[in-house]
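Here is the structure we will look at.
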Amino acid sequence: EDQVTQSPEALRLQEGESSSLNCSYTVSGLRGLFWYRQDPGKGPEFLFTLYSAGEEKEKERLKATLTKKESFLHITAPKPEDSATYLCAVQIYNFNKFYFGSGTKLNVKP
Amino acid sequence: KAGVTQTPRYLIKTRGQQVTLSCSPISGHRSVSWYQQTPGQGLQFLFEYFSETQRNKGNFPGRFSGRQFSNSRSEMNVSTLELGDSALYLCASSLEGPSGNTIYFGEGSWLTVV
């Protein structure tokens with residue numbers, strides 16, 4: 001069965017304290033892995049797409065990496081405005097539907 | 001470029017009623033998909049439409065239905081509402097491409113069933 005698991009469920013960091021969020025998946029025929037950020041009461045905002053193992057993408061303080069079994073979202077020197085829920089999703093071949101993880105709720109304290 | 005637009009943003013319905021939610025995709029996007037988000041179940045796929053045809057469907061009862069119009073705008077309908085249908089309903093659109101289809105979400109429609 002296709003599955004996406006994110007850990008930890010919640011993460012509290014001090015401003016400037018770097019960390020990583022994990023997304024592990026078991027799917028047949030990965031077409032792409034996607035990271036989204038969701039603020040309370042809003043729709044998910046697209047961050048990155050990764051297509052193959054070894055691929056990395058960066059945007060400001062965020063860097064996403066992909067292996068054959070999991071993806072990491074590294075947050076370097078986070079700021080309070082990075083507080084949000086981070087969702088990962090996988091898309092499999094032949095289906096234009098996404099399987100989402102349950103998310104990691106990040107709280108960055110000043 | 002305008003994003004995905006969903007209406008209404010908030011609505012309250014009574015158990016047993018029906019509701020219709022509307023979604024306008026990003027200009028040029030022909031694929032529209034719908035998701036239900038609840039605190040307990042997270043984001044769950046409802047269905048996806050492309051060129052007015054339903055291509056994929058999630059594991060939801062037949063009370064949940066949708067359609068897409070020739071201009072790619074989409075609507076979803078939930079009949080005989082139950083308390084458990086209270087959720088954030090998200091619409092997403094994507095541009096078909098050979099390498100994969102990033103989906104872009106709207107702000108969602110908050111449905112409360114009382």
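Heavy atoms only: backbone and side chains are in, while hydrogens, waters and symmetry mates are out. Quick note on labels: first sequence line is chain A, next is B, and so on, each numbered from 1.
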Flag yes if [X] and [Y] sit in one hydrophobic cluster, no otherwise; membership is Ile, Leu, Val, Met, Phe, Trp, Tyr, and two members link when side-chain heavy atoms are under 4.5 Å apart.
X       : Y        : value
B:Trp34 : B:Tyr10  : no
A:Leu62 : A:Val108 : yes
B:Tyr89 : B:Ile26  : no

task: Could you tell me which portion of A:Thr49 (side chain, backbone, both or neither) has an atom closer than 4.5 angstrom to a non-hydrogen atom of chain B?
output: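 Contact with chain B: side chain only.
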field: Toward chain B, the part of A:Glu45 with a non-hydrogen atom under 4.5 Å
entry: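 No part of it gets close to chain B.
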Value rounded to 0.5 Å, distance of CG in B:Asn101 from CZ in A:Arg31: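 Between atom CG of B:Asn101 and atom CZ of A:Arg31 there are 4.5 Å.
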Near [X] [atom1], under 6.0 Å, is it more than 12 heavy atoms from other residues, nucleotides or ligands?
X        : atom1 : value
A:Arg61  : CZ    : yes
B:Arg9   : CZ    : yes
A:Glu9   : CD    : no
B:Asn59  : CG    : no
A:Lys105 : NZ    : no

message: Tell me which one of A:Phe98, A:Phe46, A:Phe34 satisfies side chain to side chain contact (heavy atoms under 4.5 Å, CB included) with B:Ile103.
response: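 Checked A:Phe98, A:Phe46, A:Phe34 against B:Ile103; only one passes side chain to side chain contact (heavy atoms under 4.5 Å, CB included): A:Phe98.
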[X], part contacting chain A, at a heavy-atom distance under 4.5 Å:
X       : answer
B:Ser33 : neither
B:Leu43 : both
B:Phe47 : neither
B:Gln37 : side chain
B:Glu48 : side chain

query: Does any non-hydrogen side-chain atom of A:Phe100 lie less than 4.5 Å from one of B:Phe45?
result: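 No; the side chains remain at least 4.5 Å from each other.
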query: With side chains defined as the heavy atoms from C-beta onward, is the minimum distance between A:Tyr36 and B:Phe105 less than 4.5 Å?
result: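 They are in side-chain contact.
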query: Can you list the steps and then say if B:Leu90 with A:Lys42 is a side-chain contact (heavy atoms from CB on, under 4.5 Å)?
result: CA-CA 9 Å; B:Leu90 291 160; A:Lys42 296 198 169 186; over 6 Å; no
task: Could I get the full list of salt bridge (charged side-chain N to carboxylate O under 4.0 Å, His left out) partners for A:Glu17, not counting sequence neighbours?
output: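 With sequence neighbours excluded, A:Glu17 shows a salt bridge (charged side-chain N to carboxylate O under 4.0 Å, His left out) to no residue whatsoever.
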query: Ignoring hydrogens and geometry, is there a side-chain-to-backbone donor-acceptor pair from B:Tyr104 to A:Pro44 under 3.5 Å?
result: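 No: the side chain of B:Tyr104 does not pair with the backbone of A:Pro44.
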